[in-house]
Amino acid sequence: IMKRGEPGTPIQFGDVAHVLRKNIEQIYGDEPSVDGAPLAEGEVSSMTDGTAFLGLYQYFKKYGPVYKLLFGPKSFIVLSDPTIIKHVLKTNNVAYDKGLLAEILEPIMGKGLIPADNETWKVRRRAIVPAFHQQWLEHMVSLFGECSDVLMRKLEGLAASKTDVDMENLFCSVSLDIIGKAVFNYPFDSVTKESPVIQAVYSVLKEAEHRSVTPLPYWNLPLANIFVPRLRKFKADLKIINDVLDELIEKARISRVESDLEDLERRNYEKVGDASLLRFLVDLRGEDTSNKQLRDDLMTMLIAGHETTAAVLTWALFEISQKPDVRSKLQAEVDRVLGDRIPTLEDIKAMQLVRFSVAESLRMYPEPPLLIRRALEDHSLPKGTAGFEARIIRGCDIFISIYNLHRDPDLWPNPNSFDPERYLRPFINKEKYPEWAGFDPAQVTGLYPNEIASDFAMLPFGGGARKCVGDQFATLEATVTLAMLLRRFDFDFVGKPEDVGMFTGATIHTRNGLRMTPRRRTPSPSPVAAAVDRELQGLGA
Ligand code: HEM
């Protein structure tokens, strides 16, 4: 049973034992380190208080871009260099699976794309990616606007009564409403009401976060599901959501309408009553997919695409509200392009600064701040700026610190400053990063800067084969909501910005909520509105 498994196959007990033995030999037996990585030691309070990514940043400054962390018997190699990370995520991605992350998420997402083993992943990725095609995304832009408009109306009321509110909560609600409609045509309507299903979604998310920061997987212990109240509740919440998803899948299967099918095939979304991803997956690709697999896919997208987008908006508003100069420029752009209409794709294209603010929020507060991998074979990493080629052994757990990458002053000058205009300026640092191609605005081919233009120094959606499938969806969504918000409101902090704090599980949340008071602003009129005004005045109206 102590035999190590074949390269590329799932990790076995023998592989785990081998990694453990090597660590013990290094620490207690004075054997040379098998990987060559320095051992990070020192103050570890942030490792357990919900800000582990900040602790890993301190270690990065002290130990460099490749170091080893030990938590009791477990060890992690932490990576923070763009060239090395590119190797893991893209060039040699077949040498890894999702390891620990898959173990945590499997009870919730089953064989959905995020935790899926490489075999299942290949089949489902091929089925799901085409669903996020250009015409569908364009169609979604109007859904983003409609759902954000409900939020605007709620804020109008709060502004009129000068009532403060937790904006983080509201952003979670609006992104839940959007993902529910977009993925399986379910009206959560959580901006305006509460329901047991909404409560269940939040509780399951909380449990997933709790598991991602709990070192001992007590939920796997025999009978724990029956005797631990927290786990009983988790099971009950999961059942509530699964029942809803099962019903929606069943309904979608029996209500295939031939005319809708034609329109779906021709991508005439304006004519289709229900243009959700579920319809696409069932109607056009669903014949040989089991209901359980579809449910795992939907659950994965519900969880992956909800709090992440809410966090982008939360941190964008947090930063913009502290930078009057940036806010004025953004509002001038929104006033000029948008007037008071709900944004179209063309408007989004014209609002570069709003788009780059979404990107800047993702750079400063990447969601999740760490990516997790487990090596499936023995191999060496490129040297990058580490100065040595780390030897990765099969079974070794890896943390890719996106937070470290995005806050590295040698990759991003003034990394702690919210500066959406940085994406207009090229930056290269051959002295510190000779193998890194730099950031080049001319290489931003889509609407948002990404890993291509930054040669893997910017990875808000990961990179390589397992890159996020919802990247465009999420960035367009956040741009619509942010633009509508800035057009109508200014926000005052309740208390000080420093009170907001950070806390992380899967995403970076605030520690104490983002409590703000919305104030209705009087926007400068749009060029169209101004022209109409002038004409009316000329007519003596
Ligand atoms: C994967 C971030 C929104 C669905 C990922 C990954 C990241 C990420 C970093 C890569 C994980 C890894 O390599 O381990 C984000 C952020 C979002 C967002 C920051 C919002 C701002 C969405 C949305 C959806 C979605 C809206 C779906 C509607 C997925 C899926 C995967 C994924 C299915 C797994 C892809 C695969 O393994 O093939 N996301 N995501 N995400 N995301 Fe997103």
Side-chain angles (χ1 to χ4, degrees), residues 79 85-86 88-90 93 96-102 104-105 109-118 120-129 131-132 136-137 140 143-144 171-172 174-184 212 276-278 280-281 296-316 355 358-374 398-403 405-406 448 450-451 456 458-479 481-482 506-508:
L79 305 177
I85 292 175
K86 186 176 176 181
V88 173
L89 291 182
K90 190 173 173 201
N93 78 298
Y96 296 89
D97 70 7
K98 294 283 183 97
L100 201 64
L101 187 74
I104 293 167
L105 293 179
M109 299 181 182
K111 285 184 177 285
L113 276 187
I114 293 185
D117 58 87
N118 289 346
T120 311
W121 171 81
K122 256 185 232 154
V123 178
R124 294 317 293 154
R125 176 102 186 176
R126 220 172 288 140
I128 290 172
V129 164
F132 286 87
W136 185 74
L137 287 168
M140 284 299 112
L143 172 74
F144 303 155
F171 288 142
C172 276
V174 75
S175 57
L176 179 62
D177 291 354
I178 289 173
I179 207 80
K181 288 291 282 179
V183 174
F184 35 78
S212 68
S276 66
L277 276 183
L278 173 60
F280 183 89
L281 293 177
D296 290 347
D297 293 337
L298 300 185
M299 181 70 101
T300 301
M301 287 191 262
L302 171 66
I303 305 275
H306 158 215
E307 275 206 331
T308 40
T309 316
V312 180
L313 288 164
T314 300
W315 294 114
R355 283 188 276 114
V358 167
E360 186 65 343
S361 173
L362 278 162
R363 183 190 64 78
M364 288 182 74
Y365 304 91
E367 319 290 346
L370 297 175
L371 302 184
I372 299 177
R373 293 292 187 273
R374 184 171 286 157
I398 309 266
F399 283 162
I400 295 170
S401 176
I402 306 294
Y403 186 86
L405 198 62
H406 287 187
Y448 301 85
N450 62 8
E451 77 279 14
F456 274 65
M458 186 171 191
L459 294 172
F461 296 101
R466 304 293 294 246
K467 185 178 169 179
C468 179
V469 294
D471 58 339
Q472 291 191 63
F473 180 96
T475 40
L476 292 171
E477 174 188 348
T479 306
T481 311
L482 186 61
T507 60
I508 307 178

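Residues take their numbers from the sequence shown, with the count starting at 1. As the structure lists them, so they are numbered: ligands from 1, and atoms in each ligand from 1.
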Could you measure the distance from the [atom1] atom of [X] to the [atom2] atom of [Y]? Nearest 0.5 Å is fine.
| X | Y | atom1 | atom2 | result |
| --- | --- | --- | --- | --- |
| Ile402 | Glu367 | CD1 | CD | 11.5 Å |
| Asn93 | Arg373 | CG | CZ | 8.0 Å |
| Leu281 | Arg124 | CG | CZ | 6.5 Å |

Considering only protein heavy atoms, which is closest to atom 19 (C) of ligand 1, and at what distance to one decimal place?
Glu367 O, 3.2 Å

How far is atom 11 (C) of ligand 1 from the closest protein heavy atom, and which atom is that?
Leu371 CD2, 3.9 Å

Given Met301 and Ile128, is the side-chain contact (heavy atoms from CB on, under 4.5 Å) satisfied, shown in steps?
CA-CA 10 Å; Met301 287 191 262; Ile128 290 172; 4.2 Å; yes

Residue set satisfying ring-ring contact (aromatic ring centres under 6.0 Å, His included) with Tyr403, at least two apart, ordered chain then number -> Phe53, Tyr57

Take every heavy atom of Lys98, measure it against each atom of ligand 1, and state whether any distance is under 4.0 Å.
yes

Measure the distances from the heavy atoms of Ile179 to every atom of ligand 1 and state whether one is below 4.0 angstrom.
yes

Answer yes or no: does an N/O atom from Lys467 fall short of 3.5 Å to an N/O atom of ligand 1?
no

Kindly say whether the aromatic ring centers of Phe144 and Phe473 come within a distance under 6.0 Å.
yes

Residues 302-310 side chain polar contacts: donor-acceptor under 3.5 Å, at least two apart:
from: His306; atom 1: NE2; to: Cys172; atom 2: O; distance (Å): 3.3
from: Thr308; atom 1: OG1; to: Ala304; atom 2: O; distance (Å): 2.6
from: Thr309; atom 1: OG1; to: Gly305; atom 2: O; distance (Å): 3.4

Residue pair Thr479 / Tyr448, side-chain donor-acceptor N/O under 3.5 Å
yes

Hey, which atoms in ligand 1 end up nearer than 4.0 Å to a heavy atom of [X]?
| X | value |
| --- | --- |
| Val312 | 21 (C) |
| Leu362 | 19 (C) |
| Pro460 | 2 (C), 9 (C), 19 (C) |

Donor-acceptor contact present, side-chain Trp315 to main-chain Ile508, <3.5 Å:
yes

Could you tell me whether a side-chain N or O of Lys111 sits under 3.5 Å from a main-chain N or O of Asp296, the two making a donor and an acceptor?
no

Only pairs at least two apart or in different chains count here, so list each salt bridge (charged side-chain N to carboxylate O under 4.0 Å, His left out) that has a residue in residues 459-469.
Glu451-Lys467, Lys467-Asp471

Considering atom 43 (Fe) of ligand 1, could you give the total of protein N/O/S atoms lying closer than 2.8 Å?
1

Pick from Met140, Arg373, Arg125, Arg466: the one approaching atom 14 (O) of ligand 1 most closely through a non-hydrogen atom
Arg373

May I ask which of Trp121, Phe132, Tyr365, Tyr96 has a heavy atom nearer to atom 38 (O) of ligand 1 than the others do?
Trp121

